[in-house]
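Only heavy atoms go into these numbers, but all of them, side chains included; no hydrogens, no water, no symmetry mates. By convention here, the first residue in the shown sequence is residue 1. Ligands are counted one by one from 1 in listed order, and the atoms in each one are counted from 1 as well. What you are looking at is a predicted structure, and each value in this text was computed from that prediction instead of being measured.
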Amino acid sequence: MHREDIYKEAGIDAQIYAIGKAAEDALSERFRRIDETAEYNQIKVLHAFHEARVSEACLNGTTGYGYNDVGRDALEEVYARCFHTEAALVRPLIACGTHALAITLHGNLRPGDELLSITGKPYDTLEEVIGIRPSAGSLAEYGVTYREVKLLPDGSFDFEGIRAAVNPKTRLVAIQRSKGYETRRTLSVSEIGEAVRFVKSIREDLIVMVDNCYGEFVEREEPSDQGADLIVGSLIKNPGGGLAPSGGYICGTRAAVERASYRMTCPGLGAEIGPTLSMNRAFLQGFFMAPVVTASALKAAIFASLIYGRLGFPVLPKAEEERHDIIEAITLGSPEAVCAFCRGIQQGAPVDAHVTPEPWDMPGYSDKVIMAAGAFTMGSSIELSADGPLVPPYNVYFQGGLTWPSAKYGILKSLAALKEAGIACNWSQFQVE
Ligand SMILES: *Cc1c(COP(=O)(O)O)cnc(C)c1O
């Protein structure tokens, strides 16, 4: 049996298969470099496991107060050693990335302090945490003010703007590594390092926090290797490796992580309490898998970018661009194409592949949104998933893929769905014998 036989059986015709093969061949050198980075990061993670002396007992969990949780202690040591920070919180108690960021901000800011974002408008859900959109319990309600400096038109830091914005009240400087769902480019770790050094040159005592969501293991270094005081993220993205069913992490200096811990639980208790229930195994195993899983998601993003770009759709980033996160934006140009794309991605999923996603009115959005996700963990975006608001220019945001072959299949399914829906594409861009 040949590879294309099994694809045929699973609904991928010879033309679509050949497009996939041509794209994969064209990307072989790129994929080799991604595999090398995954190898580097895999050894880095493994080495951290060894240094933290992860043992079989660490895979068990605790209940109640969670005192003496050896698994939790080992897990947090693994994160801290891997990301080269003094301390870490990695807990099921942290519900998601936004929660991890909120804990970090609330824990490290006091009334009268000012928060400064130097990557412009932060991720949507942080607007209520900060109080940009008024919300009960926001930082604004506690007398923490906020200021932002936009990135320059080319997506780089506005150093002069940053210098002008820092004032005696400024306490914490926030950097968002990934573009999230904005149309800017994602920042590289070395660019972030340059900004961290610049901020510290203005005032050494400023705390620099990086929202590291979607960036973990894409490069060989993390922002903490470049001087950031805190890096924060979600376990249902890259570092959970697709196995963590929930959770978030906060890694950084001992003092900053400790201050965050008093918001995660409460003053006095901090990191000392917090049962892990039965999550330690999934968190440890997920982190172990994460470098390779992230590599699969990266390959998927680049593969989709190459194919959709050649078919004539605007893509961000382009296939040949260096890449610092796992999100791909594709401008499909019509609601029909967005729906067909999402149908195909759904058909490629391991769970709920037989259901058809429909656009719906989501809370917090002014337009209808369609989402494709057939994931083992609800809302997990390290698993193959796509979503798009049904509004011009009809973008879809695409990310994830636990294994490269399954991600490839999902993308080929999206092509098959476009073809079936009769969406105009430059199919001739691919030489198909
Ligand atoms: C996902 C994400 C977050 C946090 O989102 P949650 O859905 O709360 O996990 C924050 N910032 C960025 C850039 C993200 O991509």
Got a donor-acceptor contact below 3.5 angstrom from the Arg184 side chain to the Pro153 backbone?
no
With distance as the sole criterion, is a donor-acceptor pair present between the side chains of Asn238 and Asp325 under 3.5 Å?
no
What pairs with Tyr40 under ring-ring contact (aromatic ring centres under 6.0 Å, His included), at least two apart in sequence or on another chain?
none
Test: Arg197 cationic atom under 6.0 Å from Phe159 six-membered ring centre, within 45° of axis
no
For a quick check: using heavy atoms under 4.0 Å, what are the residues in contact with ligand 1, sorted by chain and number?
Cys96, Gly97, Thr98, Leu101, Tyr123, Gln176, Asp211, Cys213, Tyr214, Ser234, Lys237
Between the side chain of Glu191 and the main-chain N/O of Ser188, is any donor-acceptor distance below 3.5 Å?
yes
Going by distance alone, is a donor N or O of one side chain under 3.5 Å from an acceptor N or O of the other, for Asp229 and Thr253?
no
